[in-house]
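Structure, as structure tokens:
All of these numbers come straight from a predicted model, not from anything done at the bench.
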Amino acid sequence: MQTGLNLNHLDFLLQGALWTLVLSLMALIGGGLVGFGVALGRIAPSRLLRAAVGGYVHLIQGTPLLVLLFLTYFGLPTLGIEVPPLLAAGVSLTIYVSAYLGEIWRGCLEAVPKPQWEAAECLALSRAQRLFKVILPQAVRIATPPTVGFMVQIIKNTSLASVVGFVELARAGQIVNNSIFQPFAIYMVIAVLYFAMCYPISLLSRRLERRTGPAPRLKPALA
């Protein structure tokens, strides 16, 4: 039995931190793609589509991430679909992130001043052209700080993936602690590693918030 924390343990924890980042990127990319569709659905002209997407958002936001993980990892095999831990964690986090990013981006789209929509409509642009050429460039500036800030929550929430057997940073710490029984030293290292991953993102979010400011108000073209 090992008597103290050594370099092999630290290397194992660093590998767990690396998998934490991998899982975070999977959640951000997958959740971002689905979340963009959610944001568009939330502002769609169709009342039925808005209601359906709104129901999805309320359902996911009202469901703990831990429950989503259990449903994906333990529920799908009952249907004959075997899911490895990484895929189960990635799918669960993607679903979870999509609901929150979708709402963040919906708010940013709706934060663009209404005259901008009206001005684009006066130019006889289609709805898609108005959205992608006029509204989205302004909404991106508004959405960047909260999106970057939400990345911190994604990184911290990956710790729940340990319940399905995925070895990320928190799970790696549990394994090391079961070997040497030094929880204080181990979880201090884990806290430092989480801090090293999250703090730069928090700084970036605040800096972007100061630099971007509100989206500029464009003047409608004169006839």
Side-chain angles (χ1 to χ4, degrees), residues 16-44 49-76 81 83-111 131 136 139-172 193-206 208-209 212:
L18 178 61
W19 280 112
T20 291
L21 292 176
V22 169
L23 185 56
S24 300
L25 286 175
M26 289 176 61
L28 180 63
I29 294 172
L33 292 174
V34 179
F36 183 66
V38 168
L40 295 182
R42 291 283 277 158
I43 63 170
L49 179 58
R50 291 199 306 271
V53 177
Y56 168 82
V57 170
H58 294 313
L59 176 64
I60 300 304
Q61 290 188 347
T63 304
L65 176 57
L66 193 61
V67 174
L68 291 176
L69 286 162
F70 281 134
L71 287 174
T72 304
Y73 188 69
F74 297 108
L76 290 179
I81 304 174
V83 184
L86 175 59
L87 182 58
V91 169
S92 301
L93 279 166
T94 293
I95 294 172
Y96 181 81
V97 169
S98 68
Y100 284 90
L101 280 184
E103 279 296 276
I104 290 172
W105 293 343
R106 174 197 62 81
C108 295
L109 288 169
E110 293 181 343
L131 181 64
L136 271 180
V140 165
R141 295 189 61 183
I142 303 172
T144 300
T147 301
V148 175
F150 185 67
M151 291 172 61
V152 174
Q153 300 300 320
I154 298 174
I155 292 174
K156 291 189 291 186
N157 283 334
T158 58
S159 62
L160 294 176
S162 61
V163 300
V164 297
F166 181 69
V167 183
E168 39 65 61
L169 180 54
R171 178 58 179 162
L193 290 174
Y194 272 117
F195 179 80
M197 290 186 285
C198 295
Y199 185 64
I201 298 176
S202 298
L203 289 180
L204 178 60
S205 176
R206 289 197 290 269
L208 289 172
E209 191 169 1
T212 57

**Prompt:** Going through the checks in order, is the side-chain contact (heavy atoms from CB on, under 4.5 Å) test met by Val53 and Leu40?
**Reply:** CA-CA 9 Å; Val53 177; Leu40 295 182; over 6 Å; no
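- With rounding to the nearest 0.5 angstrom, the OH atom of Tyr194 is 10.5 Å from the NZ atom of Lys156.
- Tyr96 and Thr63 share no side-chain donor-acceptor pair at under 3.5 Å.
- Closest of all the heavy-atom pairs between Leu69 and Ala89 is CD2-CA, 3.8 Å.
- Remark: Ser24 OG to Ile29 CD1 distance equals 11.0 Å, nearest 0.5 Å.
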**Message:** Set out, in order, the CA-CA distance, both residues' side-chain angles and the distance that settles side-chain contact (heavy atoms from CB on, under 4.5 Å) for Ile154 and Leu23, then state yes or no.
**Reply:** CA-CA 9 Å; Ile154 298 174; Leu23 185 56; over 6 Å; no
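- Within 6.0 Å of OH in Tyr199 there are 12 or fewer heavy atoms belonging to other residues, nucleotides or ligands.
- Between the side chain of Thr94 and the main chain of Gly30, no donor-acceptor pair closer than 3.5 Å is present.
- Scanning all heavy atoms of the two residues, the minimum distance from Gly165 to Pro85 falls at C-CB, 4.2 Å.
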**Asked** Would Ile142 and Trp105 satisfy side-chain contact (heavy atoms from CB on, under 4.5 Å), going step by step from the backbone distance to the final call?
**Response** CA-CA 9 Å; Ile142 303 172; Trp105 293 343; over 6 Å; no
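- Between Arg42 and Glu110 no salt bridge is recorded (no basic side-chain N to carboxylate O distance below 4.0 Å).
- Residues Ala99 and Val57 share a closest heavy-atom pair of O-CG1, 4.1 Å.
- Counting only heavy atoms from C-beta outward, the side chains of Val34 and Val97 never approach each other to under 4.5 Å.
- When side chains are defined from C-beta on, Met26 does not count as touching Leu93, because their heavy atoms never get closer than 4.5 Å.
- By the 4.5 Å heavy-atom criterion applied to side chains, Leu28 and Met151 are counted as neighbours.
- Looking at heavy atoms from C-beta onward, Ile95 lies in side-chain contact with Tyr56 at the 4.5 angstrom threshold.
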**Request:** Evaluate the side-chain contact (heavy atoms from CB on, under 4.5 Å) criterion for residues Leu109 and Leu136: first the C-alpha distance (whole Å), next the side-chain angles of each, then the deciding distance (0.1 Å), finally the verdict.
**Result:** CA-CA 7 Å; Leu109 288 169; Leu136 271 180; 3.7 Å; yes
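- Contact record, Leu169 with Met197: CD2-CE, 3.9 Å, taken as the closest heavy-atom pair.
- A donor-acceptor pair shorter than 3.5 Å cannot be found between the side chains of Trp19 and Thr158.
- Annotation for Ala170 and Ser159: closest pair CB-CB, 3.8 Å, computed over non-hydrogen atoms.
- Ionic pairing of Glu168 and Arg171 is not present here: no N-O contact between side-chain nitrogen and carboxylate oxygen is shorter than 4.0 angstrom.
- For the atom pair CD1 (Ile155) and CG (Leu193), the distance works out to 12.0 Å, reported to the nearest 0.5 Å.
- Here the closest non-hydrogen pair linking Ser202 and Val152 is OG-CG2, 3.6 Å.
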